[in-house]
Amino acid sequence: MQIPTQSPTYLAAELRLPTNWLDYTLLGIYFVVVLGIGFAARRSVKTSLDFFLSGRSLPAWVTGLAFISANLAATEILGMAANSAQYGAYTVHWYWIGAIPAMVFLGLVMMPFYYGSKVRSVPEFLLLRFDRGAHLLSSILFAFAAILIAGVNLYALAIVVEALLGWPQWVAIVVAGFFVLAYITLGGLSSAIYNEVLQFFVILAALIPITILALKKVGGWDGLTDTLNKSHGDDFVTAWGGTGIGDANPLGANWLTIVLGLGFVLSFGYWTTNFAEVQRALSAKNLSAAQRTPLIAAFPKIFIVFLVMIPGLAAAALVPGFGTEESGYQYNDAIPYLMEGLLPNGVLGIAVTGLLAAFMAGMAANVSSFNTVFTTDIWARYVVTDREDGYYVRFGRLITAIGVLASIGTAFLASSFSNIMSYLQTLFSFFNVPMFVVFIIGMFWKRASMKSGFWGLLAGTTAAMINYFVLYKQDIISIPSDQGANFVSAIAGFVAGGVVMVAVSLFTAPKPTEELQGLVYGTRSPGMAEPPAPGDEAWYRKPALLGWGAVVLAAACYIPFSF
């Protein structure tokens, strides 16, 4: 059954918030602090490495919080609340299966290759492992995807601010775009990262009151589950109920597509190759800190699901048929609906600031990764080469402005999806999954040839797009929902990319063994042989302990939602 949706070009008109001078004062203070961080960070920018990677000087706790904040964009907050209102407790899969294992894999397995090879970006690693063709194609695809995803944040920001505060969409876009442009242009990645640390706490301050008051409104967890069981069926508040092969469920996916499509292909494709995240780890001060960056982020990620899932479930319980035309609300309205009905002034200002902070964190992460990839991997490598370092810092600031303007242009491409998380998952299946299969085969198979990277990436991207736009959209194959189609597209892209890589490798020359040191599992480069930092004997400085601790904790959280 296709989940009913409506046009996402607006939020429900009755969601206008009763904001007053106190709320706007809090919002104004936040914007002043954001710019202050940008001016403070500007003093540390002396080289291109400072501008694009913070001089590889930041401690693990800073990069770890920035890592999770860059992911905790408002598209996730609104999108995962929408997921919960639409699909129920299945949302936990995006966190405990669809994030934690991949974050641990990134920290324990992949960061030694990234950081040890001293690359400045994810596409640059493909240049070292494969050839210029794989590098250029991955750079172009990533730059394109980064602008699309930044545009999603701006589009979502515009419709939310217009509905909640009454600002015209163009005002919201210009204001947010200006502040992101200002602090990234001033302080580069350091400015973005320190603002993301601030934004992490502001976002939590916004979500926690909404979650607590929403639970109180519906009569606690028991009242919430009783209401939803009656209106949506018993499977709506379980993680695995109704996911047997051949069973019908709101998500339109069975356990196999959840585990393979989301838990392996989409999840690992996003977390291990998305430079908007990996860039934060690459800015860490040493290899140990780089490895701990995604592992530190994994612990709050385990619990954040409750702060986005419970509001979505509460909205579905409070409004019969929430998300359908008859209810007057879209699934994306879940958080704004609760803000409007539950929060007093002052707290309302914090919540609005938190939403804006989340939008800006997501946009800034993608813009800062875009300017790095475009400057270092495209412009400096293929267009204007061998210029002085200061030239590339100036160009990085210029391309940041161009990236923000391009994001404004792509903002309204998100309008074809009523669930913005579905749109993001579609982009990830197109761009991140094919890159992941190229990385994973290249890292673990020495025989993978130089030419196989380009053809595997091209084949994976093409297969994912054909599955989505042709087979699914043209009803050639029957898939119950957009999310189910994303899972299948991810699997198709992964399989196609892997098969083509193996086939091409069998007929083309491998890279010389001496050039694979530090790039393939089982080899080591000088950059990976650094001594441990002082104090690394402490348990909280050991990546393996942190990683396995996160996996065990995430698995334990599944137990109450399993049946």
Side-chain angles (χ1 to χ4, degrees), residues 34-35 37-42 44-45 47-58 62-75 114 119-124 139 142-154 157 176-200 273-284 290 293 297 357-380 392-408 410:
V34 162
L35 284 183
I37 292 174
F39 279 106
R42 181 183 176 88
S44 66
V45 177
T47 68
S48 61
L49 187 66
D50 295 333
F51 186 78
F52 295 119
L53 283 181
S54 302
R56 297 188 192 269
S57 62
L58 300 181
V62 170
T63 55
L65 291 181
F67 188 99
I68 192 63
S69 181
N71 173 254
L72 191 60
T75 46
Y114 283 142
V119 296
R120 293 167 295 177
S121 70
V122 168
E124 189 175 4
S139 300
F142 177 81
F144 184 63
I147 292 301
L148 286 175
I149 296 171
V152 176
N153 280 279
L154 269 183
L157 168 73
F178 168 77
F179 279 96
V180 170
L181 173 62
Y183 71 72
I184 294 181
T185 303
L186 286 169
L189 184 63
S190 293
S191 179
I193 284 178
Y194 282 113
N195 267 303
E196 285 159 3
V197 172
L198 168 67
Q199 287 157 349
F200 173 77
T273 66
N274 183 26
F275 186 49
E277 303 292 339
V278 175
Q279 186 179 27
R280 274 77 195 141
L282 289 179
S283 67
T293 293
F359 282 118
M360 291 169 64
M363 181 183 177
N366 282 282
V367 169
S368 61
S369 58
F370 165 80
N371 70 20
T372 301
V373 168
F374 196 94
T375 303
T376 63
D377 290 288
I378 298 176
W379 193 261
Y392 296 111
V393 174
R394 295 191 298 273
F395 183 83
R397 290 191 164 112
L398 172 63
I399 204 64
T400 300
I402 295 173
V404 170
L405 293 176
S407 300
I408 294 173
T410 63

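These numbers come from the heavy atoms of this one structure, side chains and all, not from hydrogens, waters or symmetry mates. Sequential numbering from 1 along the given sequence is applied to the chain's residues.
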Original post:
Nearest heavy-atom pair of Asp377 and Ser139: which atoms, and what distance?
Top reply: CB-OG, 3.4 Å
Subject >> Distance in Å, Trp379 CH2 paired with Ile399 CD1, rounded so as to fall on 0.5 Å steps >> reply: 7.5 Å
Original post:
Mind checking whether Phe370 and Phe275 have side chains closer than 4.5 Å, heavy atoms only?
Top reply: no
Subject >> Beyond-backbone contact of Tyr194 with Leu58, side-chain heavy atoms, under 4.5 angstrom >> reply: yes
Original post:
Are side-chain heavy atoms of Val197 and Ser69 found at a separation under 4.5 Å?
Top reply: no
Original post:
Do Phe142 and Asn274 touch side chain to side chain, with heavy atoms closer than 4.5 Å?
Top reply: yes
Subject >> Derivation of the side-chain contact (heavy atoms from CB on, under 4.5 Å) call for Arg394 and Leu398 >> reply: CA-CA 6 Å; Arg394 295 191 298 273; Leu398 172 63; over 6 Å; no
Original post:
Closest heavy-atom contact between Asn366 and Ala146?
Top reply: CB-O, 3.5 Å
Subject >> Derivation and outcome, side-chain hydrogen bond (donor to acceptor under 3.5 Å, both in side chains), residues Thr47 and Asp50 >> reply: CA-CA 5 Å; Thr47 68; Asp50 295 333; 3.2 Å; yes
**OP:** For Gly396 and Thr375, work out which heavy atoms get closest and say how close.
**Re:** CA-OG1, 3.6 Å
Original post:
Looking at side-chain heavy atoms only, is the closest gap between Glu277 and Asn71 below 4.5 Å?
Top reply: yes
Original post:
Between Ala70 and Ala276, what is the shortest heavy-atom contact and its length?
Top reply: CB-O, 4.3 Å
**OP:** Could you walk me through whether Tyr392 and Thr376 pass the side-chain contact (heavy atoms from CB on, under 4.5 Å) test, one step at a time?
**Re:** CA-CA 8 Å; Tyr392 296 111; Thr376 63; over 6 Å; no
Subject >> Ser368 side chain reached by Gln279 side chain, heavy atoms, under 4.5 Å >> reply: yes
**OP:** Tell me, with the steps shown, if Asn371 and Phe395 meet side-chain contact (heavy atoms from CB on, under 4.5 Å).
**Re:** CA-CA 9 Å; Asn371 70 20; Phe395 183 83; over 6 Å; no
Subject >> Least distance between heavy atoms, Val45 atom then Arg397 atom >> reply: CG1-NH2, 3.9 Å
Could you go through residues 185-193 and list every donor-acceptor pair under 3.5 Å that involves a side-chain atom there, pairing it with any protein atom two or more places apart or in another chain?
from	atom 1	to	atom 2	distance (Å)
Thr185	OG1	Leu181	O	2.6
Ser190	OG	Ser54	OG	2.9
Ser191	OG	Tyr183	O	2.8

Subject >> Side-chain touch Leu65/Glu196, heavy atoms, less than 4.5 angstrom >> reply: no
Subject >> Pair Met363-Val404, side-chain contact (heavy atoms from CB on, under 4.5 Å): steps then yes or no >> reply: CA-CA 9 Å; Met363 181 183 177; Val404 170; 3.9 Å; yes
